[in-house]
Amino acid sequence: MARAAIAAGLLLLAFTAAAETESNEPGWAQLTESQRQVLAPLAQEWDILRPWQRERMLDIARDYSKMTPEQQQRVQRRLTHWSRMTPYERENARKKYQAYQNLSPEKKAELRKKWQEYQRLPESKREALRRENPEIGTDLEDLD
């Protein structure tokens, strides 16, 4: 009898916690029209995003109208690119970003310089470099 009461209490606690979590995390249908417009590339997966991911995306949508047209285009490219990535690719991107964040300011500056040099190369040279180094990947092209 006591075990049943404990189990029922735990179950009730779990349902309450789940209900609170859901109320803080709007589903796609609960987003405003402007939020849905900005976050449209994520529409298919919105309801399965983790709470922290939804929060970050809502922050982007909130600030979107304050961005320049170039920044808005960049956000749209990145959201579209992200939505097309597999979970494996996303996890690798997160790891690479974290590794970059842990670099010294000097190393970051060096990498930015190399990236800018790469960006200035003609497309034919960039393509040759990608063929020579397939492990580097081409996903950075869309991220400028």
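Worth knowing before you read on, the calculation uses all heavy atoms, side chains too, and leaves out hydrogens, waters and symmetry mates.
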>> Test side chain to side chain contact (heavy atoms under 4.5 Å, CB included) on Thr86 and Glu89; report intermediate values, then the result.
In response: CA-CA 5 Å; Thr86 66; Glu89 290 169 326; 3.2 Å; yes
> Side-chain heavy atoms under 4.5 angstrom apart, residues restricted to Ile, Leu, Val, Met, Phe, Trp, Tyr: same cluster for Trp115 and Leu103?
Replying inline: no
Determine whether [X] and [Y] make a side-chain contact, defined as any pair of heavy atoms from C-beta on separated by less than 4.5 Å.
X: Glu70; Y: Arg74; answer: no
X: Glu127; Y: Arg130; answer: yes
X: Arg54; Y: Pro51; answer: no
X: Val38; Y: Gln76; answer: yes

>> For Glu55 and Arg50: C-alpha separation, side-chain torsions, deciding distance, then whether salt bridge (Lys or Arg N to Asp or Glu O under 4.0 Å) applies.
In response: CA-CA 9 Å; Glu55 285 180 38; Arg50 297 176 187 141; over 6 Å; no
> For the atom pair CG (Leu39) and OH (Tyr64), what is the distance rounded to the nearest 0.5 Å?
Replying inline: 9.5 Å
> About how many Å separate CD of Gln44 and CH2 of Trp28, when rounded to the nearest 0.5 Å?
Replying inline: 9.0 Å
Please confirm whether the backbone N or O of [Y] pairs with a side-chain atom of [X], one donor and one acceptor, at under 3.5 Å?
X: Ser83; Y: Thr80; value: yes
X: Trp46; Y: Pro26; value: yes
X: Gln30; Y: Gly27; value: yes
X: Glu45; Y: Leu42; value: no

>> Can a side-chain donor-acceptor contact be found between Thr32 and Gln35 if the only test is distance below 3.5 angstrom?
In response: yes
Check [Y] with [X], please: is the shortest side-chain N to carboxylate O separation under 4.0 Å?
X: Glu110; Y: Lys113; value: no
X: Glu117; Y: Lys114; value: no
X: Asp63; Y: Lys66; value: yes

Can you tell me if [atom1] on [X] sees more than 12 non-hydrogen neighbours from other groups inside 6.0 Å?
X: Arg90; atom1: CZ; value: yes
X: Lys125; atom1: NZ; value: no
X: Arg84; atom1: CZ; value: no

> Stepwise, does the salt bridge (Lys or Arg N to Asp or Glu O under 4.0 Å) test hold for Arg56 with Asp59?
Replying inline: CA-CA 5 Å; Arg56 291 193 68 194; Asp59 289 343; over 6 Å; no
>> If I compare all heavy atoms of Ala93 with all of Met85, which pair ends up nearest, and what's the gap?
In response: CB-CE, 3.9 Å
>> Testing the basics here: between Lys108 and Tyr100, what is the closest heavy-atom pair and its distance to 0.1 Å?
In response: CE-O, 3.1 Å
> Is there a side chain to side chain contact (heavy atoms under 4.5 Å, CB included) between Leu79 and Met57 once you walk through the steps?
Replying inline: CA-CA 9 Å; Leu79 288 175; Met57 295 303 112; 3.6 Å; yes
